Structure formats: structure tokens, C-alpha cells
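These numbers were taken from a predicted model, which means no experiment stands behind them.
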Amino acid sequence: MKSTFKKLLPFAVVGILSGATTVGVQQYLVHDSNNGDQSYFTKSNNASFVGMNTATVGDDFVKASKMTVPAVVTIKNYQNRASSRASEQDLFDFFFGDPLGGKGQQRQKQQQAPENMPSGLGSGVIISPDGYIISNNHVVAGANKLEVVLSNKKSYIATLVGTDPNTDISLLKIEEKGLPYLNFANSDNIEVGQWVLAVGNPLGLNSTVTAGIISAKGRGIGILSGQGKATNPIESFIQTDAAINPGNSGGALVNVNGDLIGINSAISSTNGYYQGYGFAVPANLARKIIEDIKKFGIVQRGFLGVNSLDLSNDQQVAFYNQEKKTNIKPGSGVYIIGLPDNSGAQDAGMKIGDIITKIDGFNITDFADLSVAIGSKRPGDKVQVTYTRNGKETTSTVTLRDQKGGTSARTKADLSVTEKIGAEFQSLDDRTKAYYGLSSGVVAKNVVEGSEIAKAGIVDGYIITEINGKPVNSQKDVENLLNKFTGTGQIKYMDDYGRGYQRGFKMP
């Protein structure tokens, strides 16, 4: 016993001396106020550890959680696996929940899951008491059935009202009344460092609440253009460090009042799971998209009419300079490199070489700022564009137009056939026809994710040979056959390996 005590004695002495030293330094720093600036060490009776004030922050989290959880739902996406190559290559699958487990995508390629097994599990947010639900486009893409499960486990089959791949937003509807719902907050008023909660269904764990802060605003991460099917993506994400994982897609990002400030959409990760970086579509943009879908059936998208270079992206500027043999300097703002026909910017007097710095008085530092400032407006809206030319600042009024040059709202009835079914078509050359032994055919291109053509299993590069029993050789043939057609049609096509399929599709 004495031997053991002797062995432990030196450690005890060191511990006592360390404690005494710590206390002594604290007392010295508190009481010695004559040695320089002591503001970092001055005692304050009102001091508290940041984030540990349970009388305020804790109660706010509890209140916000109680308000939010009942309004966040699980969305189950069921689709025809036999014909959906897109489901196997879902480029958001690192964030869209995989019901088959961590290797679900690989298993799908090897064997078909049971028909009653959803292809993916995501989240959604109830935004009205009569059953409107907002989620992500990639949560609902390719579905032939969407099931919504409330936090109280009650289940509904949802109707897909509309989607927008360019913002990754979708709108669903269930038939119910008196539902709990969340109010939209003004996402322009959020601040970096502000507390937020992320609510969703990650990894199959229903009604999960995590807390964090807003890490940044106006983030463009290239996921919609680089990994999705967006043709004119709008990326100006809210970045948060609140923990989010696969299955959180479409869930709520709320402030401490329980108001909706964003729709969780993506993560930045090297392993597919939370590493501290989550991204949400701002509430103001999401609200504009669903208002368009409800009112017009389609999104009303205004365009400034410029081809641009993001001066804040040093690498992009360097590549442009190398390719075009120019000497543009990187910095802040968006540099105009082209003005297409029917351009509102051109009509307003803007020219190649102008640098856009403000829209309606708000600073434009990069392309993400410009895309959300313009993309959240409709054709016919007027914006004040401030730009510099040869060092001189000018402000012009630009009337926004749609992609066809129009300045008025369009409805589904105004859409062309290819816009309705969600694809464009290119005629086959004689060499390709001969190789496959075909007498007719068109190649699908720019297939819109979640469109009727995509639901039939067609992706870019597939060859359509017949529609409704009639051969097609051009996009005009497709338009003529479907111009006044309604109901369910039939389509024959070939995949990359020359295998033939016949599928049905619904004409919108």
C-alpha cells in the first residue's frame, strides 16, 4: 500500500500545482489591471458561454421544433425500375434517401427490388392547411406513385402539381384539411451566424431535428447544372452546418421562430454523408416557384438576355482568357460576353464588355447573385441594372423576357409539344439508320428530369422509332403526331445497346 502511494504521490503533486497555477493566473489577470489592455480578461457579471443560455436558445429550439416537426413529411417515390435508368443514376442519391441501404444503387443494377419498395425516401414541407407540400424536384423525379406519410404516421397518395429542375423545387398535393403547416419567412433578411434548425427524415430516422448556423449565403455549387437536368439553373443556396444526411432532401430549414427560410437540397461531401456543409434553396425563390406552378401550371422565368462570365471565379476567367486570347481581370461582378437576339439587355443599351454590379440596387458580386436576382422574376418585369463601362457606372431599365422573347405569362396550353413532354429530338443520319437496321428514328436530347418522356425510361441518346404506331423521322413529325393528342400514348425506342422497348406515356 505504501509502495503504491509513493508511486502516485508525484502525479498528485503535479495535479495540485497545475490547479494552483491555473487559479493563480486567473486571479492575477482579474486583479492586475495596470499592465496594458486587459479587456480579454476583465471579469463581467453578465458573461455567459455562447450558445449555453438555456433560458433563451434552448426554449427557442424547443418551440421551433414543436412547430416544425408536424409540418414535415416523408415522401416515398415509387417508379418502374425495369425502364428507369435514371433511377440507377440519380445524381442526387448521396442526399436522397436510399431505402435499400448504403449499397442500394448497386443492388438495383443487379436485381429488382420488390414492387412495393420505394425507389427513394425524401422529405417535404406542408405549406397550407389544405394539403399543398413543397419538396425537391429530385425527390419526386421519375415517380409513377408518390406516397406522403405525416409525422403521425397517417399516409396519403399525393398528386404531383408541378416541378422545376432549374431550382430543384416541386409541389405536391394531398386531399386533407386542417393540416399543420409552416409560414414562409423573408429569406433576404437572414444573416450569416444566425441559428437555424434542419428538420427532415435522414437515414430513415423520421422527424429528426438538428441545429446549426447559417454559414454563408448566395452559394453556387454547380450541382444543378453539373449533376442534374437543369437547362438554366438558379443556384444561390443558403449554406448551413446543421447536420443533414440522405433523406433530408426537401425538408425544412427554419429559424428559431419556426418560420421556413429554406428547403434543404444538397450536401457537399466526400463520402455521401454529413461533413459540415449543407445547402438549402432560399424561401423567397422557392415560394415564387410554387406560386407560378399553382397559378399558371408552369414556372414563369424572366431572362436578362446576356451571356456572362463570373469575374469572381478566377479559374473561369483564366480559361476564358486562354480560349479567347483576352486579358480580362478577375474581380467582382458579372462580365457580359454576349447578347443574343431578342435580348432585353441589348434593347436597354447594354453591350459586350459591360460589367453588371447591381440589380435593383442590390450588389451583384458573382453569377449566383445575378441568377437569383433575375430568376426570381417573371417575363415582363422591369429591373434596374447597374453596370460599368470603361470605368463609368450606368443604370438602365431592362424589361425581362422569356426564352422565346415574350414578355407575357404563359400557361401549359401555350407550350409546344416538346415542352409538354420534356424533350427535344434530332433526326437520325443515314449511317446510324444503317448500323441499327432502321428505316426511321429520332434521337432524344435535353430530356427533362421527371418529364413524361423520362418516366417512360428514355434518356439522352436513346432512339425513338415510333409514336402511337407511326414512324418518326424529325422533331416536326413528333409535334404533328402529338399536337392535338390527349390521354395515354405508346412509344417505341432503343437504348444505347440497341435493345428495343415499348412503353406508355401520358400526354400532359
Checklist entry - For Val442 and Ser427, which heavy atoms make the closest approach, and how far apart are they? => result CG1-CA, 4.3 Å

Next on the checklist: Minimum heavy-atom separation for Ser170 and Asn136, please, with both atom names.
Outcome noted: OG-O, 2.9 Å

Checklist entry - With a 4.5 Å limit on heavy-atom distance, are the side chains of Ile127 and Leu171 in contact? => result yes

Checklist entry - Could you give the distance from CG (Asp354) to OH (Tyr335), rounded to the nearest 0.5 Å? => result 8.5 Å

Next on the checklist: Among Asn284, Ile234, Asp188, exactly one meets side chain to side chain contact (heavy atoms under 4.5 Å, CB included) together with Val372. Which residue is that?
Outcome noted: Ile234

Checklist entry - Any salt bridge between Asp460 and Lys445, counting N to O under 4.0 Å? => result no

Checklist entry - Hey, mind stepping through Gln384 and Thr397 against side chain to side chain donor-acceptor pair (under 3.5 Å) and telling me if it holds? => result CA-CA 5 Å; Gln384 299 297 311; Thr397 301; 2.7 Å; yes

Checklist entry - Looking at Tyr132, is Lys294 sitting on its ring face, NZ or CZ under 6.0 Å from the six-membered ring centre and within 45 degrees of the normal? => result yes

Item to check | Shortest non-hydrogen contact from Ala252 toward Asn264 | outcome: O-ND2, 3.2 Å

Item to check | Gap separating the OH atom of Tyr320 from the CD1 atom of Ile337, nearest 0.5 angstrom | outcome: 4.5 Å

Next on the checklist: Can you confirm whether Leu438 sits close enough to Met494 that some side-chain heavy atom of one is under 4.5 Å from a side-chain heavy atom of the other?
Outcome noted: yes

Checklist entry - If we ignore angles and hydrogens, is there a donor and acceptor under 3.5 Å between the side chains of Asn77 and Ser119? => result no

Checklist entry - Would Tyr501 and Asp495 count as a side chain to side chain donor-acceptor pair (under 3.5 Å) if you check the C-alpha gap in whole Å, the side-chain angles of each, and the deciding distance to 0.1 Å? => result CA-CA 8 Å; Tyr501 303 87; Asp495 65 14; 3.0 Å; yes

Item to check | CG on Asn166 to OG on Ser371, rounded to 0.5 Å | outcome: 10.5 Å

Item to check | Residues Asp360 and Lys377 bridged, charged N to O under 4.0 Å | outcome: yes

Checklist entry - Aromatic rings Tyr493 and Tyr462: how do their planes relate, parallel, tilted or perpendicular, breaks at 30° and 60°? => result parallel

Item to check | Side chain proximity check, Leu260 to Asn183, heavy atoms < 4.5 angstrom | outcome: no

Checklist entry - Considering all heavy atoms of both residues, which atom of Gln316 and which atom of Asp310 are nearest to each other, and what is their separation? => result OE1-N, 2.9 Å

Checklist entry - For Ala444 and Phe425, which heavy atoms make the closest approach, and how far apart are they? => result CA-CD2, 4.1 Å

Next on the checklist: So, taking the atom named CD1 in Ile356 and the one named OG1 in Thr388, what distance separates them when rounded to the nearest 0.5 Å?
Outcome noted: 10.0 Å

Checklist outcome for this item: Sorted by chain and residue number, the side-chain contact (heavy atoms from CB on, under 4.5 Å) partners of Asn473 (sequence neighbours excluded) come out as Lys433, Ser440, Asp477

Next on the checklist: Between the side chains of Asp381 and Arg401, is the shortest nitrogen-to-carboxylate-oxygen separation below 4.0 Å, so that they form an ion pair?
Outcome noted: no

Next on the checklist: Whether Arg503 and Glu452 form a salt bridge (side-chain N of Lys/Arg under 4.0 Å from carboxylate O of Asp/Glu) is what I want to check.
Outcome noted: no

Item to check | salt_bridge(Asp402, Arg378) N-O dist < 4.0 Å | outcome: no

